[in-house]
Amino acid sequence: MKSINPQVATIKESIFSKMTALARVHQAINLSQGFPDFEGPSFIREAIAEASKDHRLGQYAPMPGNPYLLENLGHHYKNQYDLNYSDKEITVTNGATEGIMVTSLALIEPGDEVILFEPYYDSYPVAAELAGAKIKIVTLKGPDFCWDSEELEKAFSSKTKLVYFNNPHNPTGRVFTPAELKELSELVIKHDAYILSDEVYEFLTFENHKHIPIMKLPGMRERTITTGSAGKTFGHTGLKVGWLAASEPITKAIRMVHQFNVFSVNPMAQYAVATGLEHVGTYIPEFQSLYNQKRLLLKEILLEAGFSPCETQGTYFTLVPLPQKAIDLGHTDISYCEELIKKAKIATIPPSVFYRKSQEGTKYLRFCFAKSENLLNKTRVYLKSMLLA
Ligand SMILES: Cc1ncc(COP(=O)(O)O)c(C=O)c1O
């Protein structure tokens with residue numbers, strides 16, 4: 001038999017499926033995958049129930065997206081960031097994941113170079129390489145997870161087509177500063193590249209950290225493709241409704257790929273998201289305050305157990321350095337993560353899977369705090385026993 005695409009043969013099973021399955025086998029508390037285990041806002045489910053009564057929403061939605069949702073996404077960018085996006089510049093996708101894939105396929109030609117910051121969201125390298133790109137990596141080094149300016153500048157060349165950028169950043173919890181955004185945008189412009197700005201955690205920032213979309217910076221409106229995710233924002237990850245905001249010419253190209261990928265996205269879910277966007281004024285402050293409480297609760301639990309968590313400025317993840325005792329015993333993130341599941345019944349993510357260039361990831365574990373207070377409190381006892389063992 002003829003071989004399958006060798007590029008596909010290099011793709012591994014997602015770490016999230018792996019850890020969720022292992023958590024199930026060991027009946028562990030699952031703090032690995034990024035989804036809430038508690039009830040999200042009822043207006044989303046009520047809107048889906050309402051949509052289910054309209055037979056027209058049982059048929060294919062328009063390819064670029066439901067007009068009501070496109071309009072409300074336009075309002076979203078205007079109200080939140082004072083940016084104007086028309087319905088010709090927004091495409092509704094099957095989650096941000098589809099947005100990442102179609103952007104990669106629409107822009108990248110074989111031999112183009114792309115830049116990824118490690119640790120990266122694991123769909124970026126797969127999408128980039130399936131599209132034929134050569135990957136250049138820039139490492140965000142702990143404990144503050146800033147890039148090295150020299151390393152960043154060196155990663156760019158005349159062949160750089162696309163930069164994958166995630167802000168607020170999973171898994172480090174960084175919210176990049178205006179100075180960092182300026183530095184990155186100037187390099188993107190200098191090298192005539194595009195940037196895919198993954199902003200699925202746009203509303204999850206804490207304390208004085210503020211999210212600034214990179215498309216707002218001078219000269220970036222025409223070069224930025226921004227992706228967002230309703231699943232993350234509205235606490236219902238199963239919705240799988242995302243979007244891409246980009247200039248009209250880029251949007252045209254993206255839609256050509258989207259058309260022959262999924263064609264269109266579930267119309268009832270789109271209706272629910274459009275309705276949800278009408279609630280952001282009251283919903284978002286509550287959402288931020290709820291997740292801030294969870295962030296602080298996990299931090300307190302980790303500190304109490306003797307861990308030294310990194311600061312989470314945004315997202316619902318916290319990176320935690322491996323305890324010195326574990327390092328002395330020769331543990332890496334993967335072996336310690338397995339110990340945690342088997343002995344302490346807590347599933348986390350070993351971040352080394354999000355790195356290619358450096359060994360930085362072997363020194364940390366990623367905890368997700370998008371979990372009920374009850375579940376987070378359970379980890380208190382289990383974690384203590386782990387560190388004392
Ligand atoms: C950084 C990042 N981008 C994209 C996604 C995928 O979003 P969606 O569920 O809308 O496909 C996730 C999900 O965890 C994520 O963390």
Side-chain angles (χ1 to χ4, degrees), residues 13-20 30-37 40 44 65 69 73 76 90-105 114 116-128 140 145 162-176 195-205 211 213-214 224-245 254 258 261-262 265-266 269-270 272-273 276-277 291 312-319 347-349 351 353-355 361 366-371:
E13 185 193 359
S14 142
I15 191 69
F16 307 112
S17 320
K18 227 180 190 165
M19 285 303 150
T20 298
N30 192 356
L31 303 187
S32 63
Q33 203 170 0
F35 66 90
D37 69 332
I44 290 290
L69 178 53
L73 285 168
H76 161 68
I90 300 174
T91 308
V92 178
T93 57
N94 204 300
T97 309
E98 196 229 343
I100 293 160
M101 184 61 81
V102 294
T103 302
S104 306
L105 294 174
V114 300
L116 259 68
F117 293 92
E118 67 175 16
Y120 44 71
Y121 184 59
D122 59 351
S123 76
Y124 304 161
V126 174
L140 300 172
F145 300 102
L162 182 65
V163 178
Y164 293 78
F165 183 55
N166 175 211
N167 185 30
H169 186 261
N170 166 15
T172 65
R174 284 263 4 246
V175 178
F176 293 95
I195 187 161
L196 172 57
S197 187
D198 178 341
E199 303 183 5
V200 302
Y201 301 103
E202 64 187 308
F203 290 119
L204 279 178
T205 59
H211 171 62
I214 200 161
T224 308
I225 303 94
T226 302
T227 184
S229 169
K232 299 288 181 189
T233 295
F234 293 115
H236 283 82
T237 54
L239 282 172
K240 290 303 287 183
V241 173
W243 59 87
L244 292 166
I254 280 169
H258 169 72
N261 181 24
V262 298
V265 174
N266 183 319
Q270 289 198 62
V273 173
L277 285 167
Y291 278 79
T312 297
Q313 302 170 348
T315 76
Y316 44 53
F317 304 107
T318 296
L319 277 188
T348 58
I349 290 286
V353 295
F354 308 137
Y355 289 77
R366 190 194 79 172
F367 286 69
C368 171
F369 56 80
K371 305 295 166 192

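Every number for a ligand or one of its atoms is a count from 1 in the order of the listing.
In terms of the ring-ring contact (aromatic ring centres under 6.0 Å, His included) criterion, residue partners of F317 (sequence neighbours excluded) are, by chain and number, Y201. Applying the ring-ring contact (aromatic ring centres under 6.0 Å, His included) test to F35 and every residue at least two apart in sequence or in another chain returns nothing. A search for ring-ring contact (aromatic ring centres under 6.0 Å, His included) contacts involving Y355 returns nothing, not counting sequence neighbours.
Distance check: L204 CG to Y316 OH gives 7.5 Å after rounding to the nearest 0.5 Å. Between the CG atom of D198 and the OH atom of Y120 there is a distance of 15.0 Å, given to the nearest 0.5 Å.
Looking only at side-chain heavy atoms (C-beta outward), L319 and P351 come within less than 4.5 Å of each other.
Residues lining ligand 1 at a heavy-atom distance below 4.0 Å are given as G95, A96, T97, Y121, N166, N170, D198, V200, Y201, S229, K232, K240, ordered by chain and residue number.
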